[in-house]
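See below for the structure under consideration.
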Amino acid sequence: MPAGIAITRAVSAALGDCELTHFERVPIDVELARAQHREYEQVLREAGYLVEHLESTNEMPDSVFVEDIAVVFDELAIITRPGAASRRIETAAVAGALARHRPLHVIEAPGIVDGGDVLVAGKQVFVGLSTRTNDHAAVQMTRVLQPHGYKLREVVVHDCLHLKSAVTALSDDLLLVNPAWIDRETFDGFSLVEVDPEEPMAANALRLDDRILYSASFPRTAARLERRGLRVERVAASEVAKAEGAVTCCSLILRSL
Ligand code: CIR
């Protein structure tokens, strides 16, 4: 039985016209981004996931960042209403793919949320309030998730795009954090690994069953993860990083049930 399904989406030819919040625009090599994305998908396959690769178009520069379009739980999936209006055309195809695997709930206006702002660790769900995510969406998500035993907590995001730029889950009780961008007390009860101070963007790691998929750009923090006994699979992710993307952003992971 596969570990699960990983939904990915093609790198658009228009990736260079992506949304940006904190970064200056720099040229992106789309062919290199595509090669790095193939490598990323290969690591997912090696970890036991069936990759469902969706196509893209020139009208959706940010489509590769499929994480922002949905939040997947064992019981259901939530289709987001992305905070950047340019990204709302991305939802139809992702909803179509997810509908085959999970019951869907859809965030309605005035709610806005990007999946990058939703951190799930066991039954605890942290919702980052950012330029892309608001309280209306958090309230709608609470209504959907509480009956399934999830506890939601809002966290204010500052200095970075998404909550998961600053903190991601390595397991249900271990988090990787950049302490400059989050308040450690918010995550009381969790064990924390801090990024190396020279690698502020390093808090984004993709947790798979038995390994962590991680950007090769952060060797110091990778060494910290390995010292904790984690198996780290490194991928080149330089081109999505120029678009303010990272490794969690490029897939939706559905565990086998
Ligand atoms: C955006 O601004 O929406 C894209 N350029 C980057 C999205 C990255 N997604 C993520 O961190 N979950």
Side-chain angles (χ1 to χ4, degrees), residues 1-10 12 19 41 44 49-57 59-130 132-154 162-164 168-169 172 206-209 245 247-257:
M1 166 141 131
I5 292 164
I7 296 177
T8 63
R9 195 156 196 183
S12 168
E19 295 283 341
E41 290 176 327
L44 291 171
Y49 288 82
L50 293 174
V51 175
E52 282 188 20
H53 174 103
L54 307 179
E55 289 309 329
S56 179
T57 71
E59 283 68 50
M60 40 183 91
D62 283 304
S63 60
V64 67
F65 304 119
V66 71
E67 164 181 65
D68 293 320
I69 307 306
V71 188
V72 179
F73 298 85
D74 287 350
E75 302 86 348
L76 56 94
I78 293 174
I79 302 299
T80 65
R81 183 166 177 270
S86 71
R87 301 200 57 190
R88 294 192 188 138
I89 55 164
E90 296 175 35
T91 55
V94 174
L98 276 171
R100 291 195 289 278
H101 305 292
R102 298 287 191 275
L104 300 186
H105 294 262
V106 179
I107 298 295
E108 308 283 357
I112 51 166
V113 54
D114 282 5
D117 275 322
V118 185
L119 170 65
V120 183
K123 288 287 188 181
Q124 184 71 57
V125 181
F126 296 95
V127 180
L129 301 181
S130 70
R132 301 290 180 84
T133 298
N134 65 14
D135 177 64
H136 295 286
V139 169
Q140 292 177 40
M141 285 194 285
T142 303
R143 216 174 290 139
V144 168
L145 292 169
Q146 250 176 4
H148 297 282
Y150 292 93
K151 288 196 170 61
L152 277 78
R153 177 158 182 193
E154 296 183 4
H162 286 132
L163 178 62
K164 281 190 275 187
T168 50
D172 282 352
L206 178 63
R207 169 190 178 188
L208 301 174
D209 262 14
V247 290
T248 64
C249 322
C250 297
S251 55
L252 288 165
I253 300 293
L254 290 71
R255 293 198 301 194
S256 285
L257 300 178

(request) Hey, could you give me the CG/OG distance between Asp74 and Ser256, rounded to the nearest 0.5 Å? (result) 10.0 Å

(message) So if I apply the side-chain hydrogen bond (donor to acceptor under 3.5 Å, both in side chains) rule between Arg132 and each of Thr80, Asp114, Asp68, which one comes out positive?
(response) Asp114

(message) To the closest 0.5 Å, what do you measure between OG1 (Thr8) and OH (Tyr49)?
(response) 14.0 Å

(message) Can you give me the closest heavy-atom contact between Ala3 and Asp209, atom names plus distance?
(response) CB-OD2, 3.8 Å

(request) Kindly indicate, with the supporting measurements, whether the criterion side-chain contact (heavy atoms from CB on, under 4.5 Å) is fulfilled by Arg143 and His105. (result) CA-CA 11 Å; Arg143 216 174 290 139; His105 294 262; over 6 Å; no

(request) Could you tell me whether a side-chain N or O of Arg102 sits under 3.5 Å from a main-chain N or O of Glu75, the two making a donor and an acceptor? (result) no

(message) Using side chain to side chain donor-acceptor pair (under 3.5 Å), reason through His162 and Glu67 one step at a time and then give a plain yes or no.
(response) CA-CA 11 Å; His162 286 132; Glu67 164 181 65; 5.8 Å; no

(request) State, to 0.1 Å, how close Ile112 and Ala137 come at their nearest heavy-atom pair, and which atoms those are. (result) O-CB, 3.2 Å

(request) For the pair Ser12 (side chain) and Thr57 (backbone), establish whether a donor and an acceptor sit closer than 3.5 Å, ignoring hydrogens and angles. (result) yes

(message) Using 0.5 Å steps for rounding, measure from the CD1 atom of Ile79 to the OG1 atom of Thr91.
(response) 7.5 Å

(request) Kindly give the heavy-atom pair with the smallest separation between Ala97 and Ile7, and that separation in Å. (result) CB-CD1, 4.1 Å

(request) State, yes or no, whether a side-chain contact exists between Thr142 and Val125 at a heavy-atom distance under 4.5 Å. (result) no

(request) Of all the heavy-atom pairs spanning Tyr150 and Gly122, show the shortest one and how long it is. (result) CE2-O, 3.7 Å

(message) Restricting to non-hydrogen atoms, name the atom on Leu44 and the atom on Ser251 that form the minimum distance, rounded to 0.1 Å.
(response) CD1-CB, 4.2 Å

(message) In the structure I gave you, are the side-chain heavy atoms of Thr168 and Arg207 within less than 4.5 Å of one another anywhere?
(response) no

(request) Would you check if Ile78 and Val113 make a side-chain contact, meaning some heavy-atom pair closer than 4.5 Å? (result) no

(request) Please confirm whether the backbone N or O of Glu90 pairs with a side-chain atom of Ser63, one donor and one acceptor, at under 3.5 Å? (result) no

(request) Determine whether Glu19 and Ser86 make a side-chain contact, defined as any pair of heavy atoms from C-beta on separated by less than 4.5 Å. (result) yes

(message) Can you tell me how far apart CG (Asp172) and CD (Gln124) are? Round to the nearest 0.5 Å.
(response) 11.0 Å

(request) Any chance you could measure His148, atom NE2, to Lys123, atom NZ, to the nearest 0.5 Å? (result) 8.0 Å

(message) Within the 4.5 Å heavy-atom criterion, are Glu52 and Leu98 side-chain neighbours or not?
(response) no

(message) Give me the atom names and distance for the closest heavy-atom approach of Leu54 to Ala93.
(response) CD1-O, 4.0 Å

(request) Measure the CD-CD1 distance between Glu59 and Ile89 for me, rounded to the nearest 0.5 Å. (result) 6.5 Å

(message) Please evaluate residues Glu154 and Asp135 with respect to the criterion side-chain contact (heavy atoms from CB on, under 4.5 Å), reporting the C-alpha separation (whole Å), side-chain torsions for both, the decisive distance (0.1 Å), and the verdict.
(response) CA-CA 8 Å; Glu154 296 183 4; Asp135 177 64; 2.5 Å; yes

(request) For the pair Ile69 and Arg87, evaluate side-chain contact (heavy atoms from CB on, under 4.5 Å) and give the outcome as yes or no after the intermediate values. (result) CA-CA 8 Å; Ile69 307 306; Arg87 301 200 57 190; 4.1 Å; yes

(request) Show your reasoning for whether side-chain contact (heavy atoms from CB on, under 4.5 Å) applies to Ile253 and Thr248. (result) CA-CA 9 Å; Ile253 300 293; Thr248 64; over 6 Å; no

(request) Indicate yes or no for a side-chain donor-acceptor contact from Asp117 to the backbone of Leu163 under 3.5 Å, with no hydrogens or angles considered. (result) yes

(message) Contact between Val118 and Met141 at the side-chain level, heavy atoms closer than 4.5 Å - yes or no?
(response) yes

(message) Would the distance check show the side chain of Arg88 and the main-chain N or O of Arg81 forming a donor-acceptor pair, the cut-off being under 3.5 Å?
(response) no

